[in-house]
Each structure stands twice: as structure tokens, then as C-alpha cells.
Protein chains: 2
Amino acid sequence: MTVGFAKSRRKPRPKKALTRQPRRVLSKDMIVVAALELIDRAGIESFSVRNVAKKLHVFPTAIYWHVGDRNKLLGDVLALVLRDLSSAEDAATWQDWIRALFIRYREIIRKHPNVALLIGVQLVANANVDFALIETILTRLEQAGFAGAKLVAAYNVVLGGMVGFTTHEFARVPDDNTAAWRSLVRRNIAALDSRHFPRIARHLPALTNKAFILRWQNGVDVPLDDGFAMFTEALILGLEAIAHQKVRSRR
Amino acid sequence: MTVGFAKSRRKPRPKKALTRQPRRVLSKDMIVVAALELIDRAGIESFSVRNVAKKLHVFPTAIYWHVGDRNKLLGDVLALVLRDLSSAEDAATWQDWIRALFIRYREIIRKHPNVALLIGVQLVANANVDFALIETILTRLEQAGFAGAKLVAAYNVVLGGMVGFTTHEFARVPDDNTAAWRSLVRRNIAALDSRHFPRIARHLPALTNKAFILRWQNGVDVPLDDGFAMFTEALILGLEAIAHQKVRSRR
DNA sequence: ACCTGAACACCGTTCAAGT
DNA sequence: ACCTGAACACCGTTCAAGT
């Protein structure tokens, strides 16, 4: 998957006879790719600078020459994962475009579920600024009828919505003592007093392991497709209604 | 023998002559409270079993007798913080109730912003099951007109929406080198090519530090009130529309 | 310029031992 | 029952040194 190793372009210097040349066993791209592979395979918990170094057969401290620190490395991993987010196919309506954006985001997280919580923490607060994406969102929202302060609010709604559902859908489940934990959740559910909670009791088969709080697996094993689809539609329909409110109130 | 431990408050038990009684300097509640205080004050990064132990003037390993492990302790902290979430004032309409729920959740996070990302990771996937809350959500959604599989989807929409926006609004900003990072974001924004990104350029004052991706402070310092309000309204209006769709399509 | 290597101040957790 | 205490296998990061 060629991540663009633009940095190690090595111009030959014919004039100068070198007895020794830099080892160059490492590059920032290699490190970031290795880190992502580690996270994808073993989860975010087992990510560490030292493990990345081990994976690259290098001393831990060598990492620090290429990336600032642990958090900056995670930021770079994030940027790599989200690289293709802004590559939007064009859509006829702003509604279609936003829906496609949400779906595209979710597909990315599906491929790299272990970075989901990273994104919750970093992307939306963060600095790997993809101006093209932001510009397009604003364009589509203007198209929808938003302007001024309402445009900024709508922008935050779109970004919050894009990451909001999916982040939690793919939130990690406790370590991997899944068996023990699964039986805990099940016991909790089994101990349910169906007189006090008749609706939960009635819908238990549909809820068990398929609804937030009542599940022991995350989106990797049990995708919440219906919930995601309704969430997306609800938000779009809601923005539509609010945009029209604005238009009306201006007349 | 009676070991003279200064700490052991010693209730006299007249009926039973004890030669020795348990020290009881610790309790699970004390540990959870101490952990929350630590997180509130110093952030989630500086939370550790060892620091909690230090705060309680106790050996790190003493913690393990009361709580299973680090993650279970964090789960308990979460349960403590969210204790009051289900204590809902009654509302006339299901729309009002959901709006109040979202607001109540956000107020809780406002008070304990450093646990926001914890919740993203744990609550929605997790086992501190508050059946009363779940039952009420289902009740209100039935009231809204949802039933069957659509009810489960709507439930997931509500829970995902409740945590989705706020989690990211209060997502932590990188460590606390805020000064350096702030200037980084600003430099990125300053380097913006306003011909390619005219809308960003035009709305820059309204966006800078007030919009996801383009901010260097989180909801603690810069609450996204307008975004949150619009997000909530959009989701409610959207659910309303979808519920009516269902009713219509059944006729 | 790029990496090795030692060192420091931390972690979570287990296990044995005390009382 | 509840805590001490030592021990183990980890961390992130700094700094000096090699080449």
C-alpha cells in the first residue's frame, strides 16, 4: 500500500566519493505504517513506542529522531488512516453528499476499528487539517441554505455527527476477557425485573448484544447498520428542516 | 496484642471480646472517589493505580484487593459520574424529554470533562447497566411512534447522539503544550490559500477555535453551544420525521 | 544526519508474607 | 479479611555517545 515515501529521495552525488553513508534504515513513513499495522493487529493497548521499535528492529530511541513523541506519532497514524476521507465522489444534492461522507468515514473506521477512539480524541480536536474537506462541507451547507453563525453551527453538527455514532459503535470492548464480560452482561440482563422494565423485557432478543449498553461486542463483530442508517437520515432530515426554518424566518 | 494502628477508628464492640480487628483503612467507594478526584484535577493521563494509592497513603497493591483491576476501577468511576443521568424530570413530550436527556448528559460531562473519552470507550459499550434509563428511552420512543426493529434503531440513535457530540466537544486537547499547539493550528490557518478555500477564508473569524478541527481548545474553554443545540434539534426533528414516515407507510 | 546505549522515573499486576 | 512488600515485565523520554 505504498504510503508515499517522498522523503527518502536520494539524489546521487557523483562528485563526492563517500567512504561512509548514512544508514537510513528508518523513515517517518515506515514508522507510521508500522505503528498502524501494530494497532490494527494488536489493538491500541499494545501500541507503544518500544513495540513499534521492536517491529522495525531498531532501538526505541531511534523513533524519536523521526517523530516528536508518542502523541505526534499517533497523530500521524490518524492522518494516514483518514487520508482518503476527503476524496469524495460528487453527489447531486447536499443530502447525498453528507450521507456519502458519513458512510465513507464509517468504512474507514471499519477497516481500522482500533483507531476509532483515537479519532474521538484527536481528529475533531486536531491539527492534521484537511482544508479541502472543510471547504466542501461548508459549500454543501451553504447549498443547503445555511449562512452566518448558523453555518458554523451546522458545520459542527456535521463533523460531530460524522464521528459521533461510529466512534461509539466501534468503541473497544474491555480487553479481551470477552468471555467473562459477556457472561456478566448476560447475567445482568437475565436478572432483569420484567415488571419494572416491561419494554426492555419485551424487546430483549432485539436488544441483546445489538444495542448500546446492552452489548458485549462492538461494531467489528456486530455492526449497528440500522442504527447508523437512521442516525444519518435523522441528522440530514433535521438539518433540512432547520435550514428551511431559516429561509422562512427571513421572508 | 492489639496492634496500635493510628488510623483504625476503633468502635468498641462490647459483646464480643476481640483480640484483633480488621484495619479497614480502605473501601471501594473511597478508592473510586479518590480516582475521580485525581482525574478531575490532573486529567486522565495522570491517572494510575499507583497515583490513586499514593493519594490514599496506601501501597499500590492494596487497591487490587478492592477493585479487580485498572479498567474495572475506571468503569466504577464512570458509574459514579453517570449516577444522576437517569434522574429525569418529567417532560410533556418525548421531544422535550430527549432534549433534556442530552442536556443533562452534557452538564455531567461539563463537570467532569476529563472522563469524556472514557465514556466514549466504556459507557456505550458497557455494563454498568442502568435499566431505568433504557426503559424510559424505549417508552419515549414508543410514544414517538417507533416499534419493532425501528425501535431498536431509534434507541441506538438516541444513545449514539447523546454521547456523540459531547464526547468530541470535550475531547482532550494534546497534553498541555497548548501554547505550541495553538500556534501550530494558527499557522496552519494563516497559511491557508484563500483562493482555493474561499469559504473557510470568509468565515475564518467565526470558525477559528470555535469549530471542530480548527480549534485548539475543547469544550471546557470554548463550549460549542450553538453546535450542540442544533445537533440536538436536528436529531429530534429527524426522528420525528422518520417516525411519521413509518406511520404513513403503514396506512 | 541518524542510530546506539544507558539511564531515569514511571507503569500494571502477581505473589508471598504479615497481622 | 485486609494490607505490606518485593518483584517482574513493562512504559515514555532524555541525554550522551558513536559513526
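Throughout, a chain's letter reflects where its sequence line sits, starting with A, and its residues are numbered from 1.
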request  = Calculate, to the nearest 0.5 Å, the distance between atoms CZ and CG belonging to A:Phe47 and A:Leu73 respectively.
outcome  = 4.0 Å
key: Pairwise side-chain contact, B:Asn156 with B:Val152, heavy-atom cut-off 4.5 Å (strictly under)   = yes
note = Atom CG of A:Asp29 and atom P of C:dC2 are separated, to the nearest Å, by 14 Å
Protein-nucleotide distance (B:Asn71, atom CG; C:dG12, atom P), rounded to Å = 10 Å
ask   = Any Lys/Arg nitrogen of B:Glu107 or B:Arg110 sitting under 4.0 Å from an Asp/Glu carboxylate oxygen of the other?
value = yes
request  = Measure the distance from CZ on B:Phe47 to C1' on C:dG12 and round it to the nearest whole Å.
outcome  = 11 Å
Give the table of side-chain donor-acceptor pairs shorter than 3.5 Å for residues 203-214 of chain B, with sequence neighbours excluded, one pair per line with atom names and distance.
residue, atom, partner, partner atom, Å
B:His203, ND1, B:Arg199, O, 3.0
B:Thr208, OG1, B:Leu204, O, 2.7
B:Asn209, OD1, B:Trp216, N, 2.9
B:Asn209, OD1, B:Gln217, N, 3.1
B:Asn209, ND2, B:Gln217, OE1, 3.1

request  = Could you tell me whether the side chain of B:Ile134 reaches within less than 4.5 Å of the side chain of B:Tyr155, counting heavy atoms only?
outcome  = yes
ask   = Which atom pair, heavy atoms only, marks the closest approach of A:Ser194 to A:Ala201?
value = CB-CB, 3.6 Å
key: Gap between atoms NE2 and P, on A:His66 and D:dT13 respectively (whole Å)   = 16 Å
message = Quick check for you: among C:dG12, D:dC2, D:dC11, whose closest atom lies nearest to any side-chain atom of A:Ser48?
response = D:dC11
inquiry  = I need the residues from residues 51-62 of chain A with at least one non-hydrogen atom less than 4.0 Å from DNA chain D; give them sorted by number, or say none.
reply    = A:Asn51, A:Thr61
inquiry  = Heavy atoms from C-beta onward define the side chain here; which of D:dG12, C:dC3, C:dT13 lies closest to that of B:Arg70?
reply    = C:dT13
query = Parallel under 30°, tilted from 30 to 60°, perpendicular over 60°: which one fits the rings of A:His168 and B:His168?
reply = perpendicular
remark   = Parsed dot-bracket for DNA chain D after applying the Watson-Crick and G-U rules with both distances under 3.5 Å and | for other-strand partners is ||.|||||...|||||.||
ask   = What is the distance, rounded to the nearest whole Å, between atom CD of A:Glu45 and atom C1' of D:dC11?
value = 14 Å
message = Just the rounded figure in Å: distance from C1' of C:dT4 to CG of A:Leu26.
response = 13 Å
message = Rounded to whole Å, how long is the line connecting atom CD1 of A:Ile31 with atom P of C:dC2?
response = 11 Å
task = Take atom CZ of B:Arg50 and atom C1' of D:dC11, then tell me their distance rounded to the nearest Å.
result = 11 Å
task = Flag the pair B:Val163 / B:Ile109 as yes when at least one side-chain heavy-atom distance between them is below 4.5 Å, and no otherwise.
result = no
note = With the side chain defined as heavy atoms from C-beta on, A:Trp65 is closest, among D:dC11, C:dC3, D:dT14, to C:dC3
task = Report the distance from atom CG of B:Asp130 to atom CD1 of B:Ile137, rounding to the nearest 0.5 Å.
result = 9.0 Å
